[in-house]
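Note that the structure is a prediction, hence the values are computed from the model and not measured. The figures that follow rest on heavy atoms only: side chains count, while hydrogens, waters and symmetry mates do not.
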Amino acid sequence: QQQQQQQQTLNSSSSTVVYGEPLTADMGPVRPGPSHPAARLRQLNPGVALLEPWRFRVMSYNILADQYAGTSYAQQVLFKYCSTELLDNNYRRQLVLEEVLRYQPDICCLQEVDDKVFAEFLQPQLRLAGFRGHFTNKQGRVREGSAAFWRTSKWACAAVRDVKLRVR
């Protein structure tokens with residue numbers, strides 16, 4: 001009987017939460033992403049692994065920090081030609097990861113990386129793919145900066161030195 005009361009509480013419109021009980025929510029159908037993301041059009045021939053140990057591939061990419069893409073100004077003015085669904089950080093970061101992995105770089109430099117995207121997504125995902133990385137936040141109040149990743153099978157980090165540049 002107590003379990004039925006708890007279930008009724010969960011199903012009612014009140015904000016009471018009962019811990020330890022299963023909770024479900026019907027959010028409607030999941031909409032698919034675009035059938036052909038722009039990244040795939042650039043990658044008709046994905047990167048081929050470099051066989052000679054002395055060769056290496058470097059990739060540099062501005063991934064557009066969410067704090068810029070996620071504002072109404074960005075969506076209505078700067079990127080008004082782009083669907084807001086495509087500007088969503090959760091959608092874009094998956095594409096960035098896919099693009100990095102397809103090109104198979106040995107060194108990957110990313111600009112406009114949100115600090116949380118680095119710590120909670122890029123670093124753990126790229127670690128699984130054999131990379132280590134370092135994040136440097138920009139000066140000022142922004143929560144984005146640059147990240148460098150290197151393939152640990154070819155490179156080891158000897159030292160890190162963050163250089164803060166300030167434009168006057």
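With rounding to the nearest 0.5 Å, the separation of OG1 in T71 from CZ in F79 is 8.5 Å. For the atom pair CZ of F131 and OG of S153, the computed distance is 8.0 Å after rounding to the nearest 0.5 Å.
The shortest non-hydrogen separation linking R92 to A69 is NH2-CB, 3.8 Å. When all heavy atoms of R151 and Q104 are compared, the closest pair comes out as NH2-C, 3.6 Å. Nearest heavy atoms, D162 versus H134: OD1-NE2, 2.8 Å. Residue I63 comes nearest to E112 through the heavy atom pair CG1-O, 3.5 Å, listed as atom of the first residue, atom of the second, then distance. The minimum heavy-atom distance linking L87 with Q75 is given by the pair CD1-CG, 3.7 Å. Across all non-hydrogen atoms, the minimal contact from L110 to C108 is CD2-SG, 3.7 Å.
Checked by atom type and distance alone, the side chain of N62 pairs as donor or acceptor with a backbone atom of L64 at under 3.5 Å. Checking side-chain atoms of N137 against main-chain N and O of V142 turns up a donor-acceptor pair under 3.5 Å. Between the side chain of R57 and the main chain of Y103, a donor-acceptor pair closer than 3.5 Å is present. At least one donor-acceptor pair under 3.5 Å links the side chain of K154 to the backbone N or O of R55. Side-chain atoms of T152 come within 3.5 Å of backbone atoms of G130 as a donor-acceptor pair (strictly under, hydrogens ignored).
Counting only heavy atoms from C-beta outward, the side chains of L101 and L126 approach each other to under 4.5 Å. Side chains of Y61 and V96 form no contact here, defined as non-hydrogen atoms less than 4.5 Å apart.
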Give the intermediate values and the outcome of side chain to side chain contact (heavy atoms under 4.5 Å, CB included) for residues V117 and N89.
CA-CA 9 Å; V117 170; N89 185 46; 3.4 Å; yes
Show, in sequence, the C-alpha distance, side-chain angles and deciding distance for E144 and Y68, and conclude whether the side chain to side chain contact (heavy atoms under 4.5 Å, CB included) test is met.
CA-CA 10 Å; E144 60 95 356; Y68 306 134; 2.6 Å; yes
Starting from the C-alpha separation in whole Å, work towards a yes-or-no answer on side chain to side chain contact (heavy atoms under 4.5 Å, CB included) for L122 and V100.
CA-CA 10 Å; L122 289 172; V100 170; over 6 Å; no
Dump the intermediate steps for side chain to side chain contact (heavy atoms under 4.5 Å, CB included) on M59 and D106, then the final yes or no.
CA-CA 8 Å; M59 174 183 191; D106 298 303; over 6 Å; no
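Aromatic ring centroids of F149 and F135 lie 6.0 Å or more apart.
Among residues two or more places apart in sequence or in another chain, the salt bridge (charged side-chain N to carboxylate O under 4.0 Å, His left out) test is passed with D115 by R143.
In terms of hydrophobic clustering, with Ile, Leu, Val, Met, Phe, Trp and Tyr side chains grouped at heavy-atom distances under 4.5 Å, Y81 and L86 are assigned to different clusters.
In summary, R102 and E99 do not engage in a salt bridge, as defined by a charged side-chain N under 4.0 Å from a carboxylate O.
With hydrogens and angles left out, the side-chain atoms of Q111 and S60 include a donor and acceptor closer than 3.5 Å.
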